[in-house]
2 protein chains.
Amino acid sequence: MEKTATEFTDKQLAIIDAAQKLFAESGFDGTSVRDIAHEAGINVAMISYYFGSKEKLMEAVFEQKANHTRIKVENLLQNENLSPLEKVNVLIDDYVDKFIAQQEFHRIMIREQLIEKNNAVATLIYELKKRNQDSIKKLIHEGQKGGAFKKNIDIVLMMTTLVGTVSQMITSQRFYREMNHLEEMPEPEFQKYIRKKLSAHLKNLFKVILTYEA
Amino acid sequence: MEKTATEFTDKQLAIIDAAQKLFAESGFDGTSVRDIAHEAGINVAMISYYFGSKEKLMEAVFEQKANHTRIKVENLLQNENLSPLEKVNVLIDDYVDKFIAQQEFHRIMIREQLIEKNNAVATLIYELKKRNQDSIKKLIHEGQKGGAFKKNIDIVLMMTTLVGTVSQMITSQRFYREMNHLEEMPEPEFQKYIRKKLSAHLKNLFKVILTYEA
DNA sequence: AATAATCAATCAAACGTTTGTTTAACTTTA
DNA sequence: TAAAGTTAAACAAACGTTTGATTGATTATT
């Protein structure tokens, strides 16, 4: 049974957005509830009033934003007009797009994955990764059955490269800008630029991993 | 001119090690100076006494540990018994080894790269990345001149995949363990295992990026 | 229709802790 | 005995959270 999505009021959503922004910039411990209240233009007490605690607010951020991170593969599996490799390419585009569009949330994800102790958010991340992993697995196995992909593929390692490359690009995009002398390029254009670069790069990598024999 | 390495006493090194461990586990803001003092078995005041501030202690951690992260390519360039691709493979092994061996420090690096504001540590990371980038660039250009590598290679993007894949593996190694049903494997053996896996995987990727035409 | 009661929303202020850092007294070392 | 090392205690500031009063709109009672 699918978990029923909590409904947030506009005011709650404003707090969640402010929290996401600041958590992405300075991390959970580096952001105070007063910072969040100021960013959202509300009184500090409202955070406890609506969410119970700072920790619970972080969970609300995940509840509200994590859906944008989920890979959807059902329609792809049924589609008979695309080859297995084309399907993987669609999936890569989808993933890169979501990652670029939701950078603030993904910065939080990257940080939270580094935390050692098991809290509620860690569990959410684990389940999200597991679900994405399973989606990919289905797609790959389909391609393997038809003979389009080779047999021995380490899917988890492959996903590590996908997620890792995109994460690292998000993390060091300013560095990427400078190394390629793109300081003058307007931000929206640059975002399109790295999206295109990443997409082509990853498609090329995946084609090799999936089809060429080592 | 090379910056003269600061000499730390044994006691200072103990504090630095304790700080590295806790910063890696819980982040800079998630670790208190009292935590560090307790871990190192010293009085809180000693941190201010020796390092001036918590911030400066973090810089000392970098000063002491960052050298292990630097890619060394000089000997490799002069070696005439290895092909360009073999040299790249040596470099990948070298990088993966350093990363696995210095996981605590690299966790700190991954976290600090996410911080938006420019502090002293951010500058250190930038220079480290720049230096590593330049080292790789030399090696690639050498291979390109001899015709072993293709012409249009996005070296920054390539490094993004190298660093990103290894970082993501460090970050989610517990996940990797469970997905491959390796919960029973002893920790040291598992570390060797992922080092080997990562190395083979990345060598395969780089061979493709560097030699095959898109 | 007028009045009383109830409610969630909002606020400034205060709560008790914990934070990084400093002080001043004491001990060890050279 | 002067300098360096070490300590418990204290410091102000910042932290997450709670409190109690006030608001304004809605519901119930007369």
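Letters A, B, ... are given to chains in the order of the sequence lines, protein chains preceding strands, and every chain is numbered from 1.
- Base engagement by A:Ser48 is indicated by at least one non-hydrogen atom pair under 4.0 Å involving a base atom.
- Listed nucleotides: D:dA8, D:dT17, C:dC11. Nearest to the side chain of A:Asn43: C:dC11.
- Distance B:Ile15 CD1 to C:dT21 P: 13 Å, rounded to the nearest Å.
- Residues B:Ile100 and B:Val96 form a side-chain contact, since some pair of their non-hydrogen atoms from C-beta on lies under 4.5 Å apart.
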Expected rows: protein N/O vs nucleotides 25-27 of chain D N/O, under 3.5 Å:
none

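- Place A:Tyr50 and A:Arg34 on DNA chain C by their nearest nucleotides, and A:Tyr50 ends up nearer the 5' end.
- Separating the NE2 atom of A:His38 from the C1' atom of C:dA12 is a distance of 16 Å, rounded to the nearest angstrom.
- For the pair B:Lys54 NZ and D:dA13 P, the computed distance is 19 Å after rounding to whole Å.
- Note that CG of B:Asp29 is 6.5 Å distant from CD1 of B:Ile115, once rounded to the nearest 0.5 Å.
- Screening B:Glu25, B:Glu104, B:Gln102 against B:Gln20 for a side chain to side chain donor-acceptor pair (under 3.5 Å) leaves a single residue, B:Glu104.
- Checked against ring-ring contact (aromatic ring centres under 6.0 Å, His included), B:Tyr176 has no partners two or more places apart in sequence or in another chain.
- At the heavy-atom level, A:Thr9 lies nowhere under 4.0 Å from the strands shown.
- Judged by closest nucleotide on DNA chain D, B:Lys11 is the one of A:Phe28 and B:Lys11 placed further toward the 5' end.
- Between A:Phe51 and A:Phe8, the ring planes are tilted. Angles from 30° to 60° get that label.
- Whole-Å rounding puts the B:Phe23 CZ to C:dG20 C1' distance at 12 Å.
- Atom CD1 of B:Ile42 and atom C1' of D:dT7 are 11 Å apart (whole Å).
- For B:Phe99, the ring-ring contact (aromatic ring centres under 6.0 Å, His included) partners at least two apart in sequence or on another chain are B:Tyr95, B:His106.
- Rounded to whole angstrom, the span from the CZ atom of B:Phe51 across to the C1' atom of C:dT22 amounts to 18 Å.
- Distance CD (B:Glu55) to C1' (C:dT21): 14 Å, rounded to an integer number of Å.
- For B:Lys98, the NZ atom is densely surrounded, since the number of other residues' heavy atoms within 6.0 Å is greater than 12.
- B:Asp29 has its CG atom 14 Å from the C1' atom of C:dT18, to the nearest Å.
- The side chain of A:Tyr49 contributes no N or O atom lying less than 4.0 Å from OP1 or OP2 of C:dT10.
- Each of C:dA9, C:dA12, D:dT17 was ranked by its minimum atom distance to the side chain of A:Met46; first place goes to C:dA9.
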